[in-house]
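Just so we're on the same page: letters track the sequence lines, and every chain starts at 1.
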Amino acid sequence: MIYRAIASTVQRDITTTLINQSTTLSHLNQLLTHLIRHNQTNNLVTITKLTQKFSDFNSISNAKNLFTLFSNSNPPDLFLYNVLIRGFSRNNLPFESLSLYYQLLKSTRLKPDNFTFAFLVSGFSGFLAFGVEKFGILVHGQVIVNGFGSDLFVGSALVDMYMNFSRIGYAYKVFDEMRERDSVLWNTMVSGLVRNCCYEESLRVFSDMVGGGMRFDSTTLAVALTSVAELQDLRNGMLIHCLGVKMGYDVHEYVVTGFISLYSKCGDVNTAKLLFELINEPDLISCNAMIAGFCFNNENESSVRLFRELLVKGEKVNSSTIVGLIPVSCPFGYLSLTRCIHGFVVKSGMVSNPSVSTALTTVYSRLNVMELARRLFDEFPKKSLASWNAMISGYAQNGLTEMAISLFREMQKLDIHPNPVTITSILSACAQLGTLSMGKWVHDLIKKEKFESNIYVLTALVDMYAKCGNIEEARQVFDNITEKNVVTWNAMISAYGLHGRGQEALVLFNQMLHSGVSPTGVTFLCVLYACSHAGLVEEGQKIFHSMVHDHGTEPLSEHYACMVDLLGRAGKLEKALEFIYKMPLEPGPAEWGALLGACMVHKNIDMARLASDKLFAMDVGSAGYYVLLSNIYSVDRNYSQAASVRKILRNKNLAKTPGCTLIEVNGYQHVFTSSDQSHPQAGAIYAKLEELMEEMREAGFHTETSTSLHDVEEEEKELMVKVHSEKLAIAFGLLASEPGTEIKIIKNLRVCVDCHNFTKFVSKVTDRVIVVRDANRFHHFKDGECSCGDYW
DNA sequence: CTAGGGTTAG
């Protein structure tokens with residue numbers, strides 16, 4: 001009897017040892033066959049061990065069958081349930097986990113414990129699909145009801161889950177409610193924030209962790225390195241470097257790889273190369289970091305060379321290598337090169353890797369071949385958040401704003417939660433479209449989701465408010481940003497320029513210099529643009545001078561064009577022309593175009609002809625210039641010439657854009673076109689308009705058409721028979737909004753003189769502020785005056 | 001540990 005017991009124990013120990021030592025799936029299968037053959041499938045410990053091992057080998061069907069086999073003749077204990085739930089979760093089957101959990105509740109008297117919940121929750125940490133989030137929240141409810149709300153294991157799993165859904169706010173809530181915090185919990189927070197591109201926030205949490213004396217391991221340090229690298233924050237990066245050395249973590253090759261990545265992304269390739277050479281035998285991963293570093297610094301030949309070396313050494317390159325290499329085809333701008341890489345990716349089967357596909361989508365977007373990008377996107381077997389973002393941002397950046405927003409809506413329908421990157425792109429789309437209501441909605445979303453510390457989001461928010469006409473709101477958001485970068489400053493400066501508030505732009509520019517942020521070329525463009533739109537000629541010239549001599553910034557063609565615009569707008573046409581002749585670069589379409597525009601405003605026909613001759617010689621494919629030239633001939637009463645230019649325009653297929661105006665009332669958008677009758681309230685609108693026009697005529701105003709030379713395309717000629725869309729929108733705005741409230745409209749073309757006069761008049765007699773965004777800038781009409789000083 | 005998605009100017 002005793003012998004038999006010992007024998008069975010020995011047998012069990014041997015089996016357990018064999019299971020533990022199994023290194024392949026076939027070992028396990030052999031063992032299982034053996035157990036079944038000898039009728040030894042009734043031992044709980046053995047079965048549990050085997051179930052666990054099967055799921056570790058991703059053979060979840062075996063694990064499941066084993067569980068069923070056992071439970072047919074024995075009641076499983078909680079441990080076995082937990083092991084299988086863990087198996088399902090690890091194999092990305094959260095719903096299988098969930099149904100097993102229900103089975104546990106329904107058909108046993110077992111009480112789920114912290115392991116059950118930790119495993120159950122963890123199933124939702126890597127799973128993103130339609131409507132999963134609701135189930136995640138449901139599971140969280142079960143956790144609380146069962147009293148595990150402050151369990152560390154469960155808590156970490158919950159934080160990880162919410163981070164996966166980009167629910168930063170919920171993750172924080174779980175984190176805050178933990179009575180004690182271990183290094184795993186902290187690490188989950190830090191890496192979750194990194195996964196959601198909240199790099200500043202992750203560094204803040206990391207420094208809280210270190211400052212609080214919490215032990216951190218080399219992995220956490222590596223995650224923090226990711227943040228500083230992404231932020232290109234060399235100062236903190238070097239601090240973390242020191243910290244890593246002090247802790248002795250630099251013996252780990254992956255930490256050194258993190259350092260290489262940091263210096264690569266901060267532009268210090270030499271240090272990166274030095275560290276790279278210190279590694280005796282660089283592995284694939286450190287090579288990838290170096291390749292990406294070369295790419296980042298436009299050392300494309302070096303990247304390709306290292307890539308070749310890897311191939312020669314017989315190393316198997318992975319998706320990281322390809323993703324790191326793909327940007328090489330971007331600055332080159334060669335579609336064929338991208339196609340080549342695309343071909344390689346398809347051949348090697350890497351096309352199913354979301355990172356690779358997303359990178360390719362991005363390259364296609366940058367090259368503005370959106371059809372290819374979309375086709376690739378539609379073919380993704382599994383769309384990651386990044387792939388959605390790549391597509392949405394591609395649309396937004398190429399001006400296909402409606403497509404961007406409709407894709408975002410689709411995403412929401414599928415219950416896929418946006419992260420800060422998505423939000424930034426959508427804000428950019430709102431800014432371009434001028435949809436304030438949607439922009440405000442996104443702002444609320446930002447607050448709810450705790451994306452408020454993300455500098456990209458906030459900068460895009462400033463820009464959105466400015467471009468939707470809410471300059472004060474833009475400023476408020478701007479003032480609340482604690483750590484502003486150059487782009488943030490640029491956005492606010494350009495906002496003032498857009499609204500014709502040049503002095504404020506200059507004040508802000510000086511504040512920026514005092515705050516220690518160095519201006520870039522874009523900063524000077526923003527400032528010069530602001531000066532130009534406010535007629536601040538001397539200030540602009542001083543800035544231009546200081547840009548070259550104090551800041552050592554080399555002016556690009558855009559800067560010269562801006563100066564031409566500045567001088568030209570102010571009527572200093574001769575000076576503008578002289579400036580063009582004296583500039584060290586070859587003057588291009590931008591400079592001549594700016595001069596031509598100025599000539600039209602100041603009615604200098606001869607110089608206009610000179611400028612347009614230059615433009616035609618360059619064969620610029622822009623309808624605007626042709627319209628301007630046609631207008632010149634009209635002024636000269638040379639109608640046949642004017643007609644022939646328009647014919648060229650038609651032949652070249654440079655379609656003129658029809659004018660339309662958008663107005664938002666109570667969150668609804670109304671779009672008007674010229675002489676539009678389609679609005680349900682058209683009758684009342686035209687009656688209101690007639691009433692105002694009559695009043696205007698009585699006050700001695702008359703319609704002005706022929707003398708105006710703005711680039712408003714055909715519209716003006718139609719004025720005698722048609723009513724411009726902005727008048728309709730304004731009349732509607734007066735009817736549909738409360739007296740005394742501000743009216744805001746957006747027009748796709750430039751405002752014509754007649755409408756400008758009309759709007760001035762209306763603002764006076766109705767005592768309303770009317771804000772007009774045209775193709776170029778904002779006009780604030782108040783009390784019969786416009787902020788542009790009749791100069792646009 | 002390495003890799004994919006974001007803001008400003010024209």
Side-chain angles (χ1 to χ4, degrees), chain A residues 196-197 218-223 225-226 229-230 249 252-262 264 282-293 295 317-327 350 353-363 365 377 383-394 396-397 418-428 431 451 454-464 466-467 484-495 497-498 520-530 556-559 561-562 565 589-590 593-594 776:
Chain A
N196 280 286
C197 315
S218 53
T219 332
T220 319
L221 185 92
V223 173
L225 276 172
T226 312
E230 282 297 331
Y249 289 160
H252 302 290
E253 217 164 73
Y254 61 81
V255 172
V256 181
T257 304
F259 294 150
I260 293 173
S261 177
L262 165 72
S264 290
D283 62 353
L284 179 62
I285 295 165
S286 50
C287 286
N288 286 347
M290 201 60 236
I291 286 176
C295 281
V317 299
N318 63 9
S319 60
S320 272
T321 325
I322 296 300
V323 173
L325 207 55
I326 279 179
M350 275 192 243
N353 181 304
S355 303
V356 175
S357 303
T358 305
L360 272 170
T361 308
T362 309
V363 177
S365 290
F377 175 77
K383 294 176 180 55
S384 70
L385 187 54
S387 56
W388 283 93
N389 289 342
M391 207 58 227
I392 290 176
S393 69
Q397 283 165 6
N419 75 353
V421 178
T422 330
I423 297 297
T424 308
S425 292
I426 285 302
L427 279 174
S428 163
F451 293 157
N454 187 297
I455 192 66
Y456 283 92
V457 168
L458 292 173
T459 304
L461 197 59
V462 168
D463 184 56
M464 184 278 293
K467 291 208 174 122
K484 307 172 178 72
N485 65 18
V486 213
V487 184
T488 317
W489 286 98
N490 291 353
M492 196 63 227
I493 292 172
S494 89
L498 202 62
T520 61
V522 176
T523 313
F524 288 106
L525 271 180
C526 296
V527 179
L528 290 174
Y529 175 80
L556 303 173
S557 172
E558 290 98 316
H559 296 98
C562 218
D565 189 63
N776 280 339

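Using a 4.0 Å heavy-atom criterion, one finds that A:Cys197 contacts the bases of the nucleic acid, with or without backbone contacts as well. Within the 4.0 angstrom heavy-atom criterion, base atoms lie near A:Ser384. At a threshold of 4.0 angstrom between heavy atoms, the contacts of A:Ser494 are confined to the sugar-phosphate backbone, with no base atom among them. Residue-level contact check: A:Asn454 touches the bases, meaning some heavy atom is under 4.0 Å from a base atom. Within the nucleic acid shown, A:Lys467 comes within 4.0 Å of sugar-phosphate atoms alone, with no base atom in reach, counting heavy atoms only. Residue contacts shown for A:Leu461 are absent, as no nucleic acid heavy atom lies under 4.0 Å away.
Between A:Ile326 and A:Val356, the closest heavy-atom pair is CD1-O, 4.2 Å.
Partners of A:Phe524 under the ring-ring contact (aromatic ring centres under 6.0 Å, His included) rule, at least two apart in sequence or in another chain, are A:Phe509, A:His551. Remark: A:His252 engages A:Tyr254 in a ring-ring contact (aromatic ring centres under 6.0 Å, His included) (not counting sequence neighbours). Listed by chain and residue number, A:Glu558, A:His559 satisfy the side-chain contact (heavy atoms from CB on, under 4.5 Å) test with A:Leu556 (two or more places apart in sequence, or in another chain). Applying the side-chain contact (heavy atoms from CB on, under 4.5 Å) criterion to A:Asp463, with sequence neighbours excluded, gives A:Ala431, A:Lys467. For A:Glu253, the salt bridge (Lys or Arg N to Asp or Glu O under 4.0 Å) test picks out no residue, with sequence neighbours left out.
Extent of DNA chain B lying under 4.0 Å from chain A heavy atoms, first and last nucleotide in 5' to 3' order, is B:dC1 to B:dG10.
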